[in-house]
Amino acid sequence: LKQQCPIDVYDEDGTAIGHFVADLLVEDKLIVELKACLVLLPEHTAQILGYLRAGRLRHALLINFGSPKLQIRKLIL
């Protein structure tokens, strides 16, 4: 488990273009993105899907602690 882990980002032809910082990275395979908002929005899902594509990863969890009920979404590319 790595906290605030930089993940390399690649464009479509495989060229490294930078990195983003994942909230948590588990076993270098699962991105965990943490939110604290009233409701998860489509923009949050789009953000994590972009992270998966750019980082060439397949699995992510989107967890929201800010709503009255804990929200967890698993995303797979």
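One-based numbering along the sequence shown. Fair warning: this is a prediction, and the values are worked out from it, not measured in the lab.
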**Message:** Would you say CD of Gln4 has more than 12 non-hydrogen atoms from neighbouring residues, nucleotides or ligands within 6.0 angstrom?
**Reply:**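 Counting other residues, nucleotides and ligands, CD of Gln4 exceeds 12 neighbours.
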**Request:** State, to 0.1 Å, how close Pro6 and His19 come at their nearest heavy-atom pair, and which atoms those are.
**Result:** CB-CD2, 3.5 Å
**Item:** Heavy-atom closest pair, residues His44 and Cys37
**Value:**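 Closest pair (atom of His44, atom of Cys37, distance): CE1-SG, 3.6 Å.
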**Set of residues satisfying salt bridge (Lys or Arg N to Asp or Glu O under 4.0 Å) with respect to Asp28, sequence neighbours excluded** = Lys2
Consider only side-chain heavy atoms of I, L, V, M, F, W and Y, link residues closer than 4.5 Å, and tell whether [X] and [Y] are in one cluster.
X     : Y     : answer
Leu70 : Leu38 : no
Ile48 : Phe65 : no
Ile7  : Ile17 : yes
Val21 : Leu24 : no
Leu77 : Leu25 : yes

**Item:** side-chain contact (heavy atoms from CB on, under 4.5 Å) between Lys74 and Ile76, worked out
**Value:** CA-CA 7 Å; Lys74 179 169 170 83; Ile76 301 172; 3.7 Å; yes
**Request:** Just jot down the side chain to side chain contact (heavy atoms under 4.5 Å, CB included) partners of Arg73, sequence neighbours excluded, or say none.
**Result:**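 If we apply the side chain to side chain contact (heavy atoms under 4.5 Å, CB included) test to Arg73, skipping adjacent residues, the hits are Leu40, Thr45, Leu62.
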**Close side-chain approach of Lys29 to Arg58, heavy-atom, < 4.5 Å** =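 No, side chains not in contact.
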**Prompt:** Any side-chain heavy atom of Glu33 sitting closer than 4.5 Å to one from Leu61?
**Reply:**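 Counting from C-beta outward, Glu33 and Leu61 never come under 4.5 Å.
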**Message:** Applying side chain to side chain donor-acceptor pair (under 3.5 Å), can you list everything that pairs with Gln47, at least two apart in sequence or on another chain?
**Reply:**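 Only Lys35, Tyr51 meet the side chain to side chain donor-acceptor pair (under 3.5 Å) criterion with Gln47.
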**Item:** Side-chain (Asn64) to main-chain (Gln71) donor-acceptor, under 3.5 angstrom
**Value:**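 Not at all, since once roles are kept as given, no pair shorter than 3.5 Å links the two residues.
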**Asked** When you measure from the side chain of Asp23 to the backbone N and O of Leu34, does any donor-acceptor pair fall under 3.5 Å?
**Response** yes
